[in-house]
Amino acid sequence: MTDAAVPTHCPYCALQCGMSLRPTADGPGVEVVERADFPVNRGALCGKGRTAPAVLSSRVRLTEPLVRRSAGGPLEPAGWDEALGAVAAGLARTRADLGPDAVGVFGGGGLTNEKAYTLGKFARVVLGTSQIDYNGRFCMSSAAAAHQRAFGLDRGLPFPLADIPRTGCVILVGSNLAETMPPALRYLTELRENGGTLIVVDPRRTRTAEQADLHIAPRPGTDLALALGLLHLVVTQGRTDEAFIRERTTGWPETRAAAMAHWPEHVERVTGVPVPQLRQAVRLFCDAPTGMVLTARGPEQQSKGTDTVGAWINLCLATGRAGRPLSGYGCLTGQGNGQGGREHGQKADQLPGYRKLTDPAAREHVARVWGVDPDGLPGPGRSAYELLDALGGDVRALLLMGSNPVVSAPRAAHIEGRLRSLDFLAVADVVLSETAALADVVLPVAQWAEETGTTTSLEGRVLLRRRALSPPAGVRSDLQVLHGLAELLGHEKGFPADPEEVFEELRRASEGGPADYSGITYRRIAAEDGVFWPCPGEGHPGTPRLFLDRFATDDGRARFVPVVHRPAAEETDAEFPVLLTTGRVVSQYQSGAQTRRVDELNAAAPGPFVELHPRLAERLGVAEGDRLAVVSRRGRAVAPARITTAIRADTVFMPFHWPGEGRANNLTNPALDPTSRMPEFKVCAVRVEPVGD
């Protein structure tokens, strides 16, 4: 560690805010200082970013490997040789006895590009398994699928965040930026200061919705009907851009016909949104000279998430608000490297560079970089939930990095049971998460401030996190872990532990692919505050804005995809008469494995709660703070009541950051989108009942 401040990026969400780390005056740690020169957050940080160094403390993190030396016995401290040997033996034994697909690998959207790339290579080359996926499947896979289907390419935002304040109207669907990525809220504030309008679609009147010119609160699970109803009005009011449709799209007649079946009064009955609000939304969006639709987990985490996002894309295309300056559809990625994490090979169906695993040319290119036979690469495996659900059945051993599915997976109690049924589980993590506590071997790995590596933000900007201090003596990086395991399993070459060496190989593997990083280097990233992909050569400037000349389809045209509304996988009935939706709070992050170890954040958000409307509270006979049980067909969660008019009377809300009796994902429905395989986190049927003292 040097005395100078080291420029880097926050370890949490996909905004990847710029920050600097400098040594603390009174100890061996680091503290966060403002980095006003980074253009995305301009120095602003949320509480999670400010307190991120607290998790570096040996008081809260793992500092030595742990091994369970007997079945049912405790996790005990061990040396690295013993721990890595146990992992290699457990994976090798399962592979030898039951075949390579009996071994699973589960990654995370917080892993750097170098780690995600190496993990995918390790699974396919060393283990020979097809059974690899990652928790990013729970993040924005529906938006990615819809993006691919319509535009031929998936990048969360096809334009920089800086374009948002300059557009005329933004429709923000299912996002609470004020709490999930607070520094980004300034873009919406600046939008309105510049004379633009903001429409927020959310069943709750969140802190973000309070900033809107129009807040639309549909019934959870009806976003698809809402988008179709708006498109119906665009058509009947003659607000379509016929020249754009004719010159730059295909598939409009079928899409228009599908939308015409969703007339306003029908949409009002389905969504609960009054017809005058539908008309107002169309007027605000179409009167503006430019416009954007931005979606997040609300419409995406549904069993029809791909079609729902597709309907919002259709609205953009029909009005000529795509492939033009200051207009378009974009997805607000959630996890820190949610974008890059799915581009470079830890997803079940993809190879590095966002190549398809089923494409012979893609297999040939990547196999050549890896020095292996393309015919030896396994095919696509199961999606994240399906892989977790198969544990203890077809999949008997699992290597897990950077994820905590005991808290974050839908139907969480069931998934916890599947993890417990494994013959062997190894977890690499910074802290002893609820999932790590079940493992046979736990490997303590370095944090973001202790290692160098790249991430790709929600803008498609490839960024460089820099090492600011050394990890504790008993801690290794994920790349060192994979290097050591590869050696023990007979692959002495091909798995370097140096991140820049890995990135240089990633550049070659991605060259010519949809997510082409071949022109990006560590030096360029440092000099240019990040480089936007695709960047197909070192002389290429990068691509901040996609699709301005043509879309990434074979004919250069965007594709309308006709969709129709269908209900959620689980509707309310007499036994389960209320809808549950889930989400985040500002002071916790994802499964809370790290943020729940920070005193300042716990003081602000100490535990779970059930948010409900006063009318529902009166019907139940409960007051603020009373303990409530929320029960679904899958399980039960208990938390105190939080009564507010900011939520629909037919809906309750729970944050999903906590384990124990308040674990919201005990309740959620693993019904999967048929295209993206995204579970339906955002809507399920429940009953709510008071819990006696």
Side-chain angles (χ1 to χ4, degrees), residues 10-16 48 106-113 115-116 119-120 132-148 154-157 173-177 179-181 184 294-303 305-306 308-309 330-350 354 383-388 400-405 407-410 412 415 455-460 515 581-584 588-595 655-657 664-665 668 670 672-673 675-682:
C10 178
Y12 291 115
C13 81
L15 206 57
Q16 286 297 280
K48 296 186 291 293
F106 199 85
L111 300 180
T112 63
N113 290 317
K115 295 177 185 180
L119 188 63
I132 175 172
D133 211 74
Y134 79 126
N135 64 14
R137 182 78 71 163
F138 300 159
C139 177
M140 57 174 292
S141 56
S142 292
H147 234 144
Q148 291 274 12
D154 160 48
R155 197 179 82 186
L157 292 181
V173 188
S175 170
N176 182 14
L177 276 179
E179 299 204 47
T180 58
M181 44 181 70
L294 306 176
T295 69
R297 305 303 80 75
E300 297 163 18
Q301 288 180 326
Q302 298 186 30
S303 60
T306 302
T308 301
V309 173
C331 168
L332 299 172
T333 312
Q335 295 189 77
N337 198 30
Q339 181 68 51
R342 69 180 180 281
E343 293 169 2
H344 297 301
Q346 66 172 332
K347 191 165 174 278
D349 56 353
Q350 286 174 354
Y354 228 144
S383 71
Y385 181 79
E386 291 166 304
L387 173 55
L388 293 171
L400 185 146
M401 284 187 158
S403 186
N404 187 19
V407 177
S408 64
I415 295 305
T455 62
T456 307
S457 74
L458 76 170
E459 301 177 294
T581 192
T582 64
R584 287 169 47 189
Q588 300 289 351
Y589 181 71
Q590 304 298 72
S591 75
Q594 295 186 39
T595 52
F656 59 79
H657 310 290
N665 277 320
T668 47
L672 301 181
D673 179 286
T675 302
S676 69
R677 316 308 288 169
M678 166 76 84
E680 191 153 67
F681 285 101
K682 286 300 179 187

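Computed from a predicted structure; not experimentally measured.
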Under the criterion side chain to side chain contact (heavy atoms under 4.5 Å, CB included), I'd like the reasoning laid out for Tyr12 against Gln335: C-alpha separation, chi angles, the key distance, then a yes or no.
CA-CA 7 Å; Tyr12 291 115; Gln335 295 189 77; over 6 Å; no
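- Going from atom OG of Ser383 over to atom CG of Asp349 covers 9.5 Å, rounded to the nearest 0.5 Å.
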Test side chain to side chain contact (heavy atoms under 4.5 Å, CB included) on Thr456 and Asn113 and set out the steps.
CA-CA 8 Å; Thr456 307; Asn113 290 317; 3.2 Å; yes
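- By the 4.0 Å N-to-carboxylate-O rule, Arg584 lies too far from Glu179 to be salt-bridged with it.
- The shortest non-hydrogen separation linking Gly336 to Tyr589 is N-OH, 3.4 Å.
- Two residues are said to be in side-chain contact when any heavy atoms from C-beta on lie closer than 4.5 Å; Pro405 and Leu400 meet this criterion.
- Expressed to the nearest 0.5 Å, how far OG1 of Thr582 lies from CZ of Arg297 amounts to 11.5 Å.
- What you find for Gly341 and Ala116 is that their closest heavy atoms are O-CB, 4.1 Å.
- Within the 4.5 Å cutoff, no side-chain heavy atoms of Met401 are placed close to those of Lys115.
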Glu680 vs Ser303, test: side-chain hydrogen bond (donor to acceptor under 3.5 Å, both in side chains). Steps then yes/no.
CA-CA 5 Å; Glu680 191 153 67; Ser303 60; 2.8 Å; yes
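- Looking at Gln339, its side chain does come within 3.5 Å of a backbone N or O of Gly156 through a donor-acceptor pair.
- A donor-acceptor pair is defined here as one N or O able to donate and one able to accept, closer than 3.5 Å; no such pair exists between the side chain of Asn665 and the backbone of Pro410.
- Taking the side chain as every heavy atom from C-beta outward, Leu111 and Gln346 approach each other to under 4.5 Å.
- Put simply, the side chain of Asp673 does not reach to within 4.5 Å of the side chain of Gln302, judged on heavy atoms.
- Looking only at side-chain heavy atoms (C-beta outward), Phe656 and Ser591 stay at 4.5 Å or farther from each other.
- In terms of heavy-atom proximity, Ala184 sits nearest to Leu177 at CB-CD2, 4.1 Å.
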Side chain to side chain contact (heavy atoms under 4.5 Å, CB included), that's the test. Do Thr333 and Leu15 meet it? Break it down for me.
CA-CA 8 Å; Thr333 312; Leu15 206 57; over 6 Å; no
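- With no hydrogens or angles considered, no side-chain donor-acceptor pair links Glu300 and Thr308 at under 3.5 Å.
- With respect to the salt-bridge test (charged N to carboxylate O, under 4.0 angstrom), the residues Arg677 and Asp133 do not qualify.
- No donor-acceptor pair closer than 3.5 Å links the side chain of Asp154 to the backbone N or O of Gln148.
- Phe106 and Tyr134 have their aromatic ring centers separated by at least 6.0 angstrom.
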For the pair Lys48 and Thr595, evaluate side chain to side chain contact (heavy atoms under 4.5 Å, CB included) and give the outcome as yes or no after the intermediate values.
CA-CA 7 Å; Lys48 296 186 291 293; Thr595 52; 4.1 Å; yes
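- Among all heavy-atom pairs drawn from Pro655 and Ala664, the shortest one is O-CB, 3.5 Å.
- From Thr180, atom OG1 reaches atom CD of Gln590 across 9.5 Å, with rounding to the nearest 0.5 Å.
- Rounding to the nearest 0.5 Å places CD of Gln301 at 7.5 Å from SG of Cys139.
- For the pair Thr581 (side chain) and Lys682 (backbone), a donor-acceptor distance under 3.5 Å is present.
- The closest side-chain heavy-atom distance from Leu387 to Ile132 is not below 4.5 Å.
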Derivation of the side-chain hydrogen bond (donor to acceptor under 3.5 Å, both in side chains) call for Asn135 and Ser408
CA-CA 9 Å; Asn135 64 14; Ser408 64; 5.6 Å; no
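- Looking at Gln16, its side chain does come within 3.5 Å of a backbone N or O of Cys10 through a donor-acceptor pair.
- Shown here for Ala409 and Leu388, the closest heavy-atom pair between the two residues is CB-CD1, 4.1 Å.
- In terms of heavy atoms, Leu332 sits closest to Ser175 at CD1-OG, 3.6 Å.
- The shortest distance between side-chain heavy atoms of Arg342 and Met140 falls below 4.5 Å.
- No donor-acceptor contact under 3.5 angstrom links the side chains of Thr455 and Asn337, judged on distance only.
- For Ser676 and Ser142, the side-chain atoms include at least one donor-acceptor pair closer than 3.5 Å.
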